[in-house]
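The structure under discussion appears below in the form of structure tokens.
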Amino acid sequence: MIAIVDCNNFYASCERVFRPNLNGKPVVVLSNNDGCVIARSNEAKALGIKMGTPAFKNEKLFAINGVNVFSCNFALYGDMSRRVMDTIKPEADEIEIYSIDEAFITFKGPASEERARALRSRILKWTGIPVSIGLAPTKTLAKVAVHVAKKSNSTRGVYTIDSPAEISAAIQHFPVEDLWGIGYRSASKLQSFGISTALQLTRADSGWVRRNLSVTGLRLQKELRGTICSPVNEDVPRKQNLRTARSFGQEVKTYDDLKEALGTFAVNCATKLRKEGSCCTTVTAFIHTNPFKREAFQYNNSRTIKLEVPTSDNIEIVAAAIKILDKIYRPMFSYKKAGVMVGGIVPDSQVQLGLFDAVDRSRRSDLMQSIDEINSKFGRDKVRLALQGFDRKWRLRQERLSPCYTTRFTDFLTVKI
Ligand SMILES: [Mg+2]
């Protein structure tokens, strides 16, 4: 049996773990720079607060209803996600971590629903995060099942669809646009042919589905009929590129501030690469002005540098990003956004050393390992390159940021006895 474990209102739930007084109260989390609503507790959903709406349009609604508003705290969510996944791992026969708050797992053998219920209570007890679990013969149907688990209280968070009768009942009224992997365009196409539920899609002629929705649609149809096309995959292929980009809280004008921002983004990418045991072959950096400022002149530019030897070294990746900045920076503009992307990612075990390589790679990799260890113990960027600076004029607007309860010593909760 395939199951999907999906954390309920994940970011809002993370905020609540350390603020139990917020249980039963409306909570929302805002995107970078406190822009839009990206997570809502059930109470916030009930107030009619819509996903993706700008915070400033909701201010009145927030105030009248006493909504608890948070800036996004990805250090907290990332760490809570790791705890949830670590709790799942020993209980599942296979696991594919699908996103920050979802994992596909398999239960081989009998009593999968009992195992799922036990897992659900363990996750709640060990991490404080409520999850829903959907079980079915395929991933696509498991996604349907988890929908039911979330929507209906009688399921108590776990729902199985297995027999042909259960499958038909579950997909009979299930809208095609809510199916896993169906985009807006495919959904409207299907609807224009009178196919609006998942059951209608399973009954459509396969040749027709293939012609109109390509092979992806055909796989989806098979999965709805109970045939696995997308197995639970423990080694998800490596990402081809990693990116760190930010809109600045306020516009940035000087070269030094941009250098500090790009340097920090580059270190961020390098750290992610090392975490995955990867190296990159290219470094791209970009800067641009604020496209929403109509009266201003616009400028955006980017360059890519190919590296001699693939690397995950902070110093080399920062140097490449700054070299690009030197080429593309124009002093007459104010910048709203910048970013660094690393590409051509390869496992670090496959890196071929250059014949004329001037870098002592084994010493540098020891250095990076020490930096990672110190920073993971004492907080992000505790040890940093001088150019990363301390001012961070460019930093995000995060006026309602919660403490990093689990990843920063100074933010730990104090228990009074
Ligand atoms: Mg979720």
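Whatever order the structure lists ligands and atoms in, that order sets their numbers, starting from 1. Just so we're clear, the structure is a prediction, and the values are computed from it rather than from any experiment.
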Task: With Asp372 via salt bridge (Lys or Arg N to Asp or Glu O under 4.0 Å) - residues at least two apart - done: Arg274
- [ ] State which residues pass salt bridge (Lys or Arg N to Asp or Glu O under 4.0 Å) with Lys293; sequence neighbours excluded, sorted by chain then number.
- [x] Glu251
Task: His288/Tyr299 aromatic ring centres below 6.0 Å - done: no
TODO: Please collect all ring-ring contact (aromatic ring centres under 6.0 Å, His included) contacts where either partner lies in residues 85-136, sequence neighbours excluded, each pair once.
DONE: Tyr98-Phe104, Tyr98-Trp180, Phe104-Trp180
Open item on the list: Check for me: within less than 2.8 Å of the Mg ion (ligand 1), which protein N/O/S atoms show up?
Closed with: Asp6 OD1, Cys7 O, Asp101 OD2
Open item on the list: Tyr11 vs Phe74, test: ring-ring contact (aromatic ring centres under 6.0 Å, His included). Steps then yes/no.
Closed with: CA-CA 9 Å; Tyr11 300 160; Phe74 284 110; 5.5 Å; yes
TODO: Indicate whether any N or O donor in one side chain lies under 3.5 Å from an N or O acceptor in the other, for Ser99 and Glu102.
DONE: yes
